[in-house]
Amino acid sequence: MKSCNIPFVVAVLALTWFMSGERALAQPAAPRFKLVADFKVHEKSMAAAAFSPNGELIATTSIDQTVRISDWRTGKTLMTLEGFSPGEEGTWDRSVLFLKDGERLLTANSAASLELWDWKAKKRLWKQDVGARSLALSPDETQLITADWEDPSVRVWELATGKPLHQLKGVDVPLMTGSWSQGNVAYAPSGKLFASAVGGTQDPSAPQMTLTIWNAETRKPLTQLQPNKRTHALTWSPNGDQLAGGGVEGAVFTLKLSSVKAPVADGAKVKLLLKQLDDENFEVRDKAHGELESLGSAIQRDLEQALEGKNSVEVRLRVEALLRKAWGVAAEVKFLPKQHDGTIMGLAYSPDSRLLASVSRVYQKEQGRLVVWDSRSTEKPIFSWDGPGLTSVSFSRDGKRLLTSSQDGRVRIWEIKPGVDVEVKPMP
């Protein structure tokens with residue numbers, strides 16, 4: 001009798017397992033990468049490359065002091081822009097960026113110039129004799145922010161006219177001549193924030209880099225941190241969830257921001273505590289400092305006003321230190337497992353923010369590497385390719401292709417295809 005019930009019991013168990021949702025699960029597979037273009041554009045080393053908005057053309061820069069527009073499907077150069085200054089270093093720090101209309105092109109050369117072009121008309125729309133190695137556009141393309149070599153400031157420009165709007169300081173990093181310090185900028189897709197990473201010093205005991213998150217409207221810093229790795233590349237994910245940086249020793253890190261809830265502050269007490277920062281008694285000053293620090297972003301405006309007033313050096317130093325901790329934003333930094341031997345030269349997120357690509361170059365050697373990560377799980381890369389020293393990386397705006405530039409004067413383009421989902425059946 002019992003043996004007759006065995007098939008029935010098995011069937012019931014199978015049905016129960018199926019109805020419970022523990023059936024075969026479709027695991028999204030990693031995308032596949034296929035090299036579809038590999039051709040020489042410049043005789044000398046390339047510095048940067050970017051897709052046009054429609055993905056049909058690429059713009060490239062080189063130490064040959066030209067910018068070239070090419071059809072990547074044929075490898076044919078359609079236009080060559082010339083007359084660029086070599087710059088002081090004259091080597092790697094040359095940037096290029098298409099605007100959304102596909103007709104205007106931003107170019108920059110470290111320690112030399114910043115220019116906007118109508119490339120089809122071969123016409124320079126404006127030029128500023130200020131160097132820039134890193135460019136970032138506001139989402140509405142009204143403002144441009146730049147950073148340069150061995151310069152702790154971040155510059156803000158009116159894009160249409162090239163008019164300088166602001167030069168932001170507030171970056172507490174010692175910079176030394178010959179220290180290979182780099183400036184990097186990135187705009188958040190919301191347009192409400194932008195980031196800068198500046199650093200480089202020959203003093204091993206000093207901070208190697210300061211990363212600042214700025215309020216794009218007020219142009220005041222919200223928070224600063226020091227991941228302690230000199231940074232050569234900085235990029236924000238299109239969904240705004242992550243900021244990625246990379247630099248020396250093959251280091252790649254991601255950063256997540258979160259708001260800090262501010263406590264309620266009593267105005268009269270805050271004024272008293274600020275006054276006590278200048279008390280003759282050190283213990284009183286120190287206690288007031290600690291109480292003010294605990295109030296965090298609730299007293300940010302009070303601190304800013306105190307900094308604007310006439311105060312002693314002691315008070316100013318304390319208020320500046322308090323401000324750095326009162327910006328109301330917390331940041332979590334995560335370093336990815338090391339996959340590069342050289343210096344990170346470029347970073348890029350795919351349009352859907354799922355992929356993060358990093359490229360590197362080993363100085364003094366013709367070696368480099370491309371690594372692609374799944375930004376949601378960065379324990380192990382999903383694709384890598386070894387070749388010559390790579391100098392930049394970018395995705396097409398539809399996310400279907402990946403572009404790299406290299407020191408051998410060639411560009412390489414990979415087509416990205418969805419992976420085949422694999423069914424994984426959990427154990428019953």
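Start at 1 with the first residue, then count along the sequence.
If you take CD on E314 and CG on D279, they are separated by 10.5 Å, rounding to the nearest 0.5 Å. For the atom pair CZ of F194 and CG of N215, the computed distance is 8.5 Å after rounding to the nearest 0.5 Å. From E103, atom CD reaches atom NZ of K120 across 4.5 Å, with rounding to the nearest 0.5 Å. A distance of 8.0 Å separates CG in N109 from CD in Q65, rounded to the nearest 0.5 Å. Remark: I145 CD1 to R219 CZ distance equals 10.5 Å, nearest 0.5 Å. Note that the CZ atom of F39 and the CZ atom of R73 stand 11.0 Å from one another [nearest 0.5 Å].
K338 has no carboxylate O lying under 4.0 Å from a charged side-chain N of E249, or vice versa, which leaves the two without a salt bridge.
The two residues P139 and Y187 have their closest heavy-atom pair at CD-CD2, 3.9 Å. Nearest heavy-atom pair across W236 and Q242 is CD1-O, 3.0 Å. Across every non-hydrogen atom of S134 and G183, the tightest pair is CB-O, 3.5 Å. Across all their heavy atoms, F395 and P351 have their closest contact at CB-CD, 4.1 Å. Considering every non-hydrogen atom in both T391 and A48, the closest pair reads OG1-N, 4.3 Å. Summarising the geometry of F51 relative to S394, their closest heavy-atom pair is CE1-O, 4.0 Å, with the distance given to 0.1 Å.
By the 4.5 Å heavy-atom criterion applied to side chains, F335 and V252 are not counted as neighbours. For the pair E141 and L159, the minimum side-chain heavy-atom distance is below 4.5 Å. A 4.5 Å side-chain heavy-atom check between M46 and R68 finds every atom pair outside the cut-off. Side-chain contact between D118 and L105 is absent, with no heavy atoms from C-beta onward closer than 4.5 Å. Counting heavy atoms from C-beta outward, P238 and D352 have side chains that stay 4.5 Å or more apart. By the 4.5 Å heavy-atom criterion applied to side chains, R361 and Q367 are not counted as neighbours. Proximity of L243 to L211: side-chain heavy atoms (C-beta onward) are separated by under 4.5 Å at one or more points. The shortest side-chain heavy-atom distance between H289 and L277 falls under the 4.5 Å cut-off.
Under the 30°/60° scheme for interplanar angles, the aromatic rings of W385 and W414 are found to stand perpendicular. Taking the six-membered ring where the residue is Trp, W157 and W126 present parallel rings, their angle staying beneath 30° rather than reaching 60°. By the 30° and 60° cut-offs, the orientation of the rings of F98 relative to W119 is perpendicular.
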What's the verdict on side chain to side chain contact (heavy atoms under 4.5 Å, CB included) for L402 and V372, showing C-alpha distance, side-chain angles and the deciding distance?
CA-CA 10 Å; L402 180 69; V372 182; 4.0 Å; yes
Residue pair S405, S392: steps toward the side-chain hydrogen bond (donor to acceptor under 3.5 Å, both in side chains) verdict
CA-CA 5 Å; S405 61; S392 76; 2.6 Å; yes
Quick one, K334 with E379, criterion salt bridge (charged side-chain N to carboxylate O under 4.0 Å, His left out). Give me CA distance, side-chain angles, the key distance, then yes/no.
CA-CA 11 Å; K334 175 185 178 182; E379 297 306 313; 3.4 Å; yes
Can you list the steps and then say if R412 with L35 is a side chain to side chain contact (heavy atoms under 4.5 Å, CB included)?
CA-CA 7 Å; R412 294 169 178 87; L35 188 64; 3.9 Å; yes
D38/V411 under side chain to side chain contact (heavy atoms under 4.5 Å, CB included): CA gap, chis, key distance, verdict:
CA-CA 6 Å; D38 181 348; V411 295; over 6 Å; no
Would W373 and Q339 count as a side chain to side chain contact (heavy atoms under 4.5 Å, CB included) if you check the C-alpha gap in whole Å, the side-chain angles of each, and the deciding distance to 0.1 Å?
CA-CA 10 Å; W373 313 77; Q339 293 291 322; 3.4 Å; yes
Would R354 and D374 count as a salt bridge (charged side-chain N to carboxylate O under 4.0 Å, His left out) if you check the C-alpha gap in whole Å, the side-chain angles of each, and the deciding distance to 0.1 Å?
CA-CA 6 Å; R354 180 183 175 184; D374 184 327; 3.6 Å; yes
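Residue-environment remark: NZ (K365) stays at or below the threshold of 12 foreign heavy atoms within 6.0 Å. Open room surrounds NZ on K380; 12 or fewer heavy atoms of other groups in view lie less than 6.0 Å from it.
Side-chain N or O atoms of S353 include one that pairs as donor or acceptor with a backbone N or O of N239 at under 3.5 Å. Distance alone, capped at 3.5 Å, is enough to place a donor-acceptor pair between the S138 side chain and the Q143 backbone. The main-chain N or O of D129 is never found under 3.5 Å from a side-chain atom of S113 such that the two would form a donor-acceptor pair. Here the side chain of S384 pairs no donor or acceptor atom with the backbone of L370 at under 3.5 angstrom. Under the 3.5 Å distance criterion, the side-chain polar atoms of R155 are left unmatched by any main-chain donor or acceptor of T146. Of the possible donor and acceptor atoms, one in the side chain of S62 sits under 3.5 Å from a partner among the backbone N and O of D64. Side chain of D302 to backbone of Q305: no donor-acceptor contact under 3.5 angstrom is found. When atom types are taken as modelled, the side chain of Q407 and the backbone of G389 share a donor-acceptor pair closer than 3.5 angstrom. Checking side-chain atoms of T107 against main-chain N and O of V96 turns up no donor-acceptor pair under 3.5 Å. Formation of a donor-acceptor pair under 3.5 Å by the T61 side chain with backbone atoms of S95 is not found in this model.
By the side-chain contact (heavy atoms from CB on, under 4.5 Å) test, S360 is found to be paired with H340, I344, R369, residues two or more places apart in sequence or in another chain being considered. Not counting sequence neighbours, the partners of K417 by the salt bridge (charged side-chain N to carboxylate O under 4.0 Å, His left out) test are E415.
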